[in-house]
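Worksheet for the structure shown next.
Only a predicted model underlies this, so the values are computations on that prediction, with no experimental measurement involved.
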Amino acid sequence: MKSTRVRRVTFSIALVSALAGVAACSSGSSGGSGKDDKAAQGTTHVSPIAALQSAEKSTDGADSARIESTTSLGTLMSMKSGGSMRWGSGTTADMTITYTGGTMAEAMRKTGSTSMQARYLSDAYYAKMGEALAGQMGGKHWIKYAYDDLAKIAGGSGAFLKDQMQNSSPNQSVKLLLASGDVKKVGDETVRGEKTTHYAGTVNVTDLAARSSHLTASQLADLKKQFTQAGITTEDVDIWVNGKDLLVKAVSKGELSSGTMSSTTYYSDYGVKVAAVAPPAGDTTDFKDLLKSQGLTPGSGDTASGSGTTS
């Protein structure tokens, strides 16, 4: 029972933490401007496509930003995260993630904390766990999740996760709308005191994965199967762009078999310095080694599951 609990908690944290990073990079909840966003007057581009092409280029070239996000995945979890992220040459980030509800919050509570620090580097990300779970790992506080290992463990979704974590940036949400063929200008609005233009559209999640990743045909087929099992089909995406053609807010929403999937992300302080480094090796255990110590093998039926976060 203990090994099963450790496997479920650590694997869920792996996927949910990575999802938090991806959400912060590329999207956020569904339409609407939020309680603190008000209609405003301002100058806009001639067409939504031209505006988004300019925003995609400007945001990509900004290299880094501060990020605040809230994310909900049905009954699995709700959480908030904040920190800074750099994407000029791969994704690097230092984030603090707090679980606020759902089964993940309950699982984290049993480890002694509902909050953790996460560092994203080019080949892996690291999660700092509470003292209770550290006690089950020889006193080590950090778990290393190598992207290659996650790809083996979770099949198509793991491969997609690996690809997105190594190639994501805030302008991914802009690319989604450009690729969707379904984008419109909603209007001019003020977001947190800043004048912006609001655009919206709907994307097919499987098509999105094909367009925004470097997966093989086999990996895409596996990913589509897992998306279908999870009940994921389409995603509504809304973005707000300021006068400098930089993304200020991104919101997305879709339906899962377990409920609504949504996230809202705010971007600020573009160009901020990001200093994320790997934690001390002596205070870090590898997720793959942790699985082996529990008698489990990465890529086996014990760990590879499209619904590993909910079992």
Side-chain angles (χ1 to χ4, degrees), residues 20-72 78-88 91-98 100 115 118 168-178 183-201 235-253 260 262-276:
V22 171
C25 277
S26 61
S27 63
S29 116
S30 152
S33 55
K35 293 181 179 180
D36 60 333
D37 303 339
K38 303 175 181 178
Q41 299 298 318
T43 301
T44 62
H45 291 265
V46 174
S47 73
I49 297 300
L52 292 181
Q53 288 173 335
S54 181
E56 190 276 324
K57 181 178 180 180
S58 296
T59 301
D60 184 50
D63 191 57
S64 66
R66 295 193 189 281
I67 296 168
E68 295 177 50
S69 69
T70 56
T71 305
S72 176
S78 59
M79 66 177 162
K80 60 182 180 180
S81 61
S84 56
M85 179 175 289
R86 184 175 70 245
W87 56 87
T91 302
T92 303
D94 191 351
M95 307 286 289
T96 298
I97 299 171
T98 301
T100 56
S115 181
S168 286
S169 65
N171 69 324
Q172 288 295 334
S173 56
V174 184
K175 290 181 179 179
L176 293 187
L177 289 183
L178 283 171
V183 58
K184 64 181 180 180
K185 174 185 171 182
V186 178
D188 298 331
E189 300 170 5
T190 297
V191 177
R192 293 187 168 183
E194 188 169 9
K195 291 183 177 181
T196 69
T197 303
H198 178 188
Y199 301 93
E235 182 177 344
D236 296 323
V237 178
D238 293 69
I239 64 171
W240 288 256
V241 179
N242 67 14
K244 296 180 180 180
D245 292 326
L246 294 172
L247 193 62
V248 173
K249 179 182 177 182
V251 171
S252 69
K253 185 176 182 179
T260 299
S262 64
S263 66
T264 300
T265 306
Y266 292 93
Y267 307 91
S268 63
D269 200 9
Y270 279 95
V272 65
K273 183 178 180 179
V274 181

Is there a side-chain contact between [X] and [Y], using heavy atoms and a 4.5 Å cut-off?
X	Y	answer
Tyr266	Ile67	no
Asp188	Lys195	no
Ile49	Val183	yes
Tyr199	Val174	no
Val241	Thr196	no

Once rounded to the nearest 0.5 Å, what's the spacing between atom [atom1] of [X] and atom [atom2] of [Y]?
X	Y	atom1	atom2	value
Glu56	Leu177	CD	CG	11.5 Å
Asp236	Lys253	CG	NZ	8.0 Å
Thr59	Leu52	OG1	CG	10.0 Å
Lys249	Glu194	NZ	CD	12.5 Å
Lys184	His198	NZ	NE2	8.5 Å
Lys80	Thr96	NZ	OG1	10.5 Å

State, to 0.1 Å, how close [X] and [Y] come at their nearest heavy-atom pair, and which atoms those are.
X	Y	result
Asp94	Ala275	OD2-O, 4.4 Å
Lys273	Ser84	O-OG, 4.5 Å
Ala200	Val186	CB-CG2, 3.8 Å
Ala93	Met85	CB-CE, 3.7 Å
Ser69	Thr265	CB-OG1, 3.4 Å
Leu246	Ser58	CD2-O, 3.6 Å

Determine whether a donor-acceptor pair (N or O, by modelled atom type, separation under 3.5 Å) exists between the side chain of [X] and the backbone of [Y].
X	Y	answer
Ser54	Asp245	no
Thr100	Ser78	yes
Thr264	Thr70	no

Please tell me whether Ser262 and Ser72 have a donor and an acceptor in their side chains that are separated by less than 3.5 angstrom.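 Result is no, nothing qualifies.
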Should Arg192 and Glu68 count as an ion pair when the cut-off is N to O under 4.0 Å?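 Result for this pair is yes, salt bridge flagged.
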In terms of the angle between their ring planes, are Tyr270 and Trp87 parallel, tilted or perpendicular, with boundaries placed at 30° and 60°?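 If you compare the ring of Tyr270 with that of Trp87, the planes turn out perpendicular.
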With Asp269, which residues qualify under salt bridge (Lys or Arg N to Asp or Glu O under 4.0 Å), at least two apart?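 Asp269: salt bridge (Lys or Arg N to Asp or Glu O under 4.0 Å) contacts with Arg66.
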